[in-house]
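Here the structure is laid out as structure tokens; the discussion comes afterwards.
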Amino acid sequence: MYKAGEVVHSSFFLADALDVAPHLLKMQLVRQFNNEQIIKLQITEVEIYRGEEDLGCHASKGRTPRTEVMYLPGGCIYVYLIYGMYWLLNITTGPENHPQAILIRGTKEIQGPGRIGRALELDKSFYGEEINSSDRLWLEWCPLYNSGKYQTLPRVGIHYAGEYWANIPWRLKSF
DNA sequence: AGCGGGATTGCA
DNA sequence: GCAATCCCGCTT
């Protein structure tokens, strides 16, 4: 399997979001800036957005310029601007034409998806970039960081999606 | 509990 | 074209 610090292979993200998400809780998000400075964030909280039937998922609107990347084979960076201010970071998963993404909601160092995007200095140019071949944002396996245990909770901020999809426990939080 | 802020979408 | 909405964070 993987060793600590090892970069995650692209085929890893072709699996279903429900299977991939728990493993993201054992990974570090690594950002290398233009000035060669590197920061590493330990992922602690993620949310699953899965399929057109998921009314909380942007892909519930179907294939649009914004959701296009979720229809490609998994392993791409999906960023979008929310409330005119925050770039939220998602990693796409699943095979082609199965639109899914996993939102990075929290890290040990920085909590909140908006703050994470700000710390990583994300912008539109990251849209569609492959997480396994990027030279400025990637994931590293970090299996020894936590116990692998996590709690499941409803996702945040999707009250509009109806009771079922708003309550489905697709937020994973490590402890 | 209210607002900033701008892209995205749907409807005309 | 326009108006409504939005996977948030910060301030009151």
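This one's a predicted model, so the numbers in the text were calculated from it and none came from an experiment. Lettering of chains follows the sequences in order, A, B, ..., and the numbering in each one begins at 1.
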CZ (A/Phe126) and CG (A/Leu120) are apart, to the nearest 0.5 Å, by 8.0 Å
dist A/Lys173:NZ -> A/Glu47:CD (nearest 0.5 Å) comes out at 11.0 Å
Symbol by symbol from the 5' end, with Watson-Crick or G-U pairs under 3.5 Å, [ ] crossing and | another strand, DNA chain B is ||||.||||||.
Exercise for the section: Check the side chains of A/Asp135 and A/Gln32 for a donor-acceptor pair under 3.5 angstrom, ignoring hydrogens and angles. Expected result: no
Note: contacts of residues 159-171 of chain A with DNA chain B (heavy atom, under 4.0 Å) are none
The salt bridge (Lys or Arg N to Asp or Glu O under 4.0 Å) partners of A/Arg115 (sequence neighbours excluded) come to none
Is the closest side-chain donor-acceptor distance between A/Thr93 and A/Gln100 under 3.5 Å?
yes
Judged by nearest nucleotide, the residue sitting upstream toward the 5' end of DNA chain C, A/Gly157 or A/Arg115, is A/Gly157
Quick note, salt bridge (charged side-chain N to carboxylate O under 4.0 Å, His left out) partners involving residues 85-94 of chain A, not counting sequence neighbours, are none
Problem set entry | Sidechain-backbone polar pair: A/Glu109 side chain, A/Gln42 backbone, donor-acceptor under 3.5 Å | yes
Taking side chain as C-beta onward, heavy atoms only, is A/Leu103 less than 4.5 Å from A/Pro113?
-> yes
Nt span of DNA chain B in reach of chain A heavy atoms at under 4.0 Å, 5' end first, is B/dG4 to B/dG10
| Aromatic ring proximity A/His98/A/Tyr71, centre distance under 6.0 Å | no
The complete set of salt bridge (charged side-chain N to carboxylate O under 4.0 Å, His left out) pairs with one or both residues in residues 65-93 of chain A, sequence neighbours excluded, reads A/Arg63-A/Glu68
In the 5' to 3' direction, the nucleotides of DNA chain C bounding the stretch that comes under 4.0 Å of a heavy atom in chain A are C/dC6 to C/dC10
Step through the shown structure and confirm whether more than 12 heavy atoms of other residues, nucleotides or ligands are within 6.0 Å of CG on A/Asn34. no
So side chain to side chain donor-acceptor pair (under 3.5 Å) across residues 77-92 of chain A, not counting sequence neighbours, yields A/His58-A/Tyr78
With a 4.0 Å cut-off on heavy atoms, is A/Gly56 in touch with a base, just the backbone sugar-phosphate, or nothing at all? base
The correct set of residues in residues 61-88 of chain A placing a heavy atom under 4.0 Å from DNA chain C is A/Tyr80, A/Ile82, A/Tyr83, A/Tyr86, A/Leu88
Residue set satisfying salt bridge (Lys or Arg N to Asp or Glu O under 4.0 Å) with A/Lys40, at least two apart, ordered chain then number -> A/Glu140
Salt bridge (charged side-chain N to carboxylate O under 4.0 Å, His left out) pairs touching residues 151-168 of chain A, sequence neighbours excluded, are A/Asp54-A/Arg155
A/Glu129 meets the salt bridge (Lys or Arg N to Asp or Glu O under 4.0 Å) criterion, sequence neighbours left out, with A/Arg136
